[in-house]
Asker: 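The structure's right below; bear with me while I get my questions together.
Everything numeric in this text was worked out from a predicted model, so none of it was measured. For the numbers below, each heavy atom of this structure counts, side chains included, while hydrogens, waters and symmetry mates do not.
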Amino acid sequence: QMQLVESGGGLVQAGDSLRLSCAASGRTFSSSAMGWFRQAPGKEREFVAAINWSGAPTVYTDPVKGRFTISRDDAKNTVYLQMNSLKPEDTAVYYCAAGAGGVIYSRASSYDVWGQGTQVTVSS
């Protein structure tokens, strides 16, 4: 069974950058599609970005396009989310997820392994 551990969250000001990391262990990481989701207080969990097992394609939700970049390093069993030009509305708990087989990138039910989440808070 794969396990995912996120890190890199924190408190930053609007306009700053953060890089989230998600380290995987267990099931073969290189054959898994990886996604990032987020959940703000009082809101449903929403899709942020995803990357195929091969590294392409990458998919983003519209609000983060041009600001966030998802990448993976299979040698380190790690997926990253580089977040630039952060806004207060990016404040949320960020979760990484792994899915095997056919994955609809933006659909949470496509992923069968989830991390515990890391808090990102952006002050104005």
Side-chain angles (χ1 to χ4, degrees):
Q1 178 70 18
M2 176 182 279
Q3 294 182 335
L4 303 174
V5 178
E6 302 98 332
S7 61
L11 172 62
V12 297
Q13 294 186 333
D16 286 350
S17 297
L18 277 176
R19 188 177 79 158
L20 305 184
S21 300
C22 174
S25 62
R27 186 178 79 197
T28 304
F29 174 80
S30 60
S31 62
S32 299
M34 301 298 297
W36 285 97
F37 289 74
R38 66 186 180 186
Q39 187 167 19
K43 296 186 177 181
E44 294 186 354
R45 188 171 299 189
E46 65 173 356
F47 169 74
V48 177
I51 186 167
N52 192 28
W53 64 269
S54 64
T58 56
V59 183
Y60 300 91
T61 187
D62 285 346
V64 309
K65 285 181 180 177
R67 300 189 298 122
F68 290 12
T69 302
I70 188 171
S71 62
R72 64 188 298 153
D73 185 339
D74 288 353
K76 296 182 178 180
N77 282 2
T78 301
V79 63
Y80 304 98
L81 185 68
Q82 178 66 45
M83 306 186 295
N84 299 329
S85 302
L86 283 161
K87 304 176 180 180
E89 51 263 44
D90 295 319
T91 295
V93 177
Y94 284 71
Y95 299 89
C96 75
V103 172
I104 299 175
Y105 298 113
S106 63
R107 186 174 296 177
S109 60
S110 290
Y111 301 86
D112 59 342
V113 182
W114 292 81
Q116 83 289 348
T118 186
Q119 176 71 47
V120 172
T121 303
V122 185
S123 64
S124 58

Asker: For T69, enumerate each residue passing the side chain to side chain donor-acceptor pair (under 3.5 Å) test, keeping only those at least two apart in sequence or located in another chain.
Answerer: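 If we apply the side chain to side chain donor-acceptor pair (under 3.5 Å) test to T69, skipping adjacent residues, there are no hits.
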Asker: Do V113 and V103 sit in the same hydrophobic cluster, where Ile, Leu, Val, Met, Phe, Trp and Tyr count as joined when their side-chain heavy atoms come under 4.5 Å apart?
Answerer: no
Asker: If I compare all heavy atoms of A14 with all of P88, which pair ends up nearest, and what's the gap?
Answerer: CB-CD, 4.1 Å
Asker: If the condition is salt bridge (charged side-chain N to carboxylate O under 4.0 Å, His left out), which residues does R19 pass it with, not counting sequence neighbours?
Answerer: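 Residues passing salt bridge (charged side-chain N to carboxylate O under 4.0 Å, His left out) with R19: none at all.
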Asker: Using the test side chain to side chain donor-acceptor pair (under 3.5 Å), find all partners of D90 that sit at least two apart in sequence or belong to another chain.
Answerer: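 Side chain to side chain donor-acceptor pair (under 3.5 Å) check on D90 returns R38, R67.
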Asker: Taking atom OH of Y80 and atom CD1 of I51, what is their separation to the nearest 0.5 Å?
Answerer: 11.5 Å
Asker: Sorted by first residue and then second, give each disulfide (SG to SG under 2.5 Å) pair with at least one member in residues 35-81; sequence neighbours left out.
Answerer: none
Asker: Of all residues at least two apart in sequence or in a different chain, which pass the salt bridge (charged side-chain N to carboxylate O under 4.0 Å, His left out) check with K43?
Answerer: none
Asker: Please round to the nearest 0.5 Å and tell me the distance separating atom CE of M34 and atom CG of D74.
Answerer: 10.0 Å
Asker: Step by step, work out the side-chain contact (heavy atoms from CB on, under 4.5 Å) result for T61 and E46.
Answerer: CA-CA 9 Å; T61 187; E46 65 173 356; 5.6 Å; no
Asker: How would you list, by chain and number, every residue that makes a side chain to side chain donor-acceptor pair (under 3.5 Å) with N52, sequence neighbours excluded?
Answerer: S54, Y105
Asker: Can you list the residues that meet the side-chain contact (heavy atoms from CB on, under 4.5 Å) rule with T118, with sequence neighbours excluded?
Answerer: E6, L20, Y94
Asker: Do F68 and L86 pass the side-chain contact (heavy atoms from CB on, under 4.5 Å) test, and can you show the C-alpha distance, the side-chain angles, and the key distance before you say yes or no?
Answerer: CA-CA 9 Å; F68 290 12; L86 283 161; 3.9 Å; yes
Asker: Under the rule for ring-ring contact (aromatic ring centres under 6.0 Å, His included), what residues qualify as partners of Y95, not counting sequence neighbours?
Answerer: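 Y95 satisfies ring-ring contact (aromatic ring centres under 6.0 Å, His included) with no residue once adjacent residues are dropped.
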Asker: If you take all heavy atoms of F29 and R72, which pair is closest and at what distance?
Answerer: O-NH2, 2.8 Å
Asker: Rounded to the nearest 0.5 Å, how far apart are NZ of K87 and OG of S124?
Answerer: 13.5 Å
Asker: What residues form a ring-ring contact (aromatic ring centres under 6.0 Å, His included) with F47, not counting sequence neighbours?
Answerer: F37
Asker: Does D112 have any side-chain contact (heavy atoms from CB on, under 4.5 Å) partners at least two apart in sequence or in another chain, and if so, which?
Answerer: R27
Asker: Following the transitive rule for hydrophobic clusters with a side-chain heavy-atom cut-off under 4.5 Å over Ile, Leu, Val, Met, Phe, Trp and Tyr, establish whether V64 and V12 coincide in one cluster.
Answerer: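 Yes, V64 connects to V12 through the hydrophobic network.
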Asker: What residue pairs, at least two apart or across chains, pass disulfide (SG to SG under 2.5 Å) with a residue in residues 61-124?
Answerer: C22-C96
Asker: Answer yes or no: is there a side-chain heavy-atom contact under 4.5 Å between W53 and S32?
Answerer: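 SC-SC contact between W53 and S32 ruled out.
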Asker: Would you find more than 12 non-hydrogen atoms of other residues, nucleotides or ligands less than 6.0 Å from Q3 atom CD?
Answerer: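 For Q3, atom CD is not crowded (no more than 12 foreign heavy atoms under 6.0 Å).
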Asker: About how many Å separate CE of M2 and CG of L4, when rounded to the nearest 0.5 Å?
Answerer: 6.0 Å
Asker: For the residue pair Y111 and A33, what are the closest heavy atoms and their distance?
Answerer: CE2-O, 4.2 Å
Asker: With sequence neighbours left out, what residues match S31 under side-chain contact (heavy atoms from CB on, under 4.5 Å)?
Answerer: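 Once residues adjacent in sequence are excluded, the partners of S31 under the side-chain contact (heavy atoms from CB on, under 4.5 Å) criterion are T28.
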Asker: Pair D16, V122 - check side-chain contact (heavy atoms from CB on, under 4.5 Å), show working.
Answerer: CA-CA 8 Å; D16 286 350; V122 185; over 6 Å; no
Asker: Kindly compute the distance separating OG (S30) from CG (N77), expressed to the nearest 0.5 Å.
Answerer: 7.5 Å
Asker: Do M83 and W36 make a side-chain contact, defined as non-hydrogen atoms from C-beta onward lying under 4.5 Å apart?
Answerer: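 M83 vs W36: side chains apart.
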Asker: When you measure from the side chain of Y60 to the backbone N and O of I70, does any donor-acceptor pair fall under 3.5 Å?
Answerer: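 Pair found, side chain donor or acceptor close to backbone of I70.
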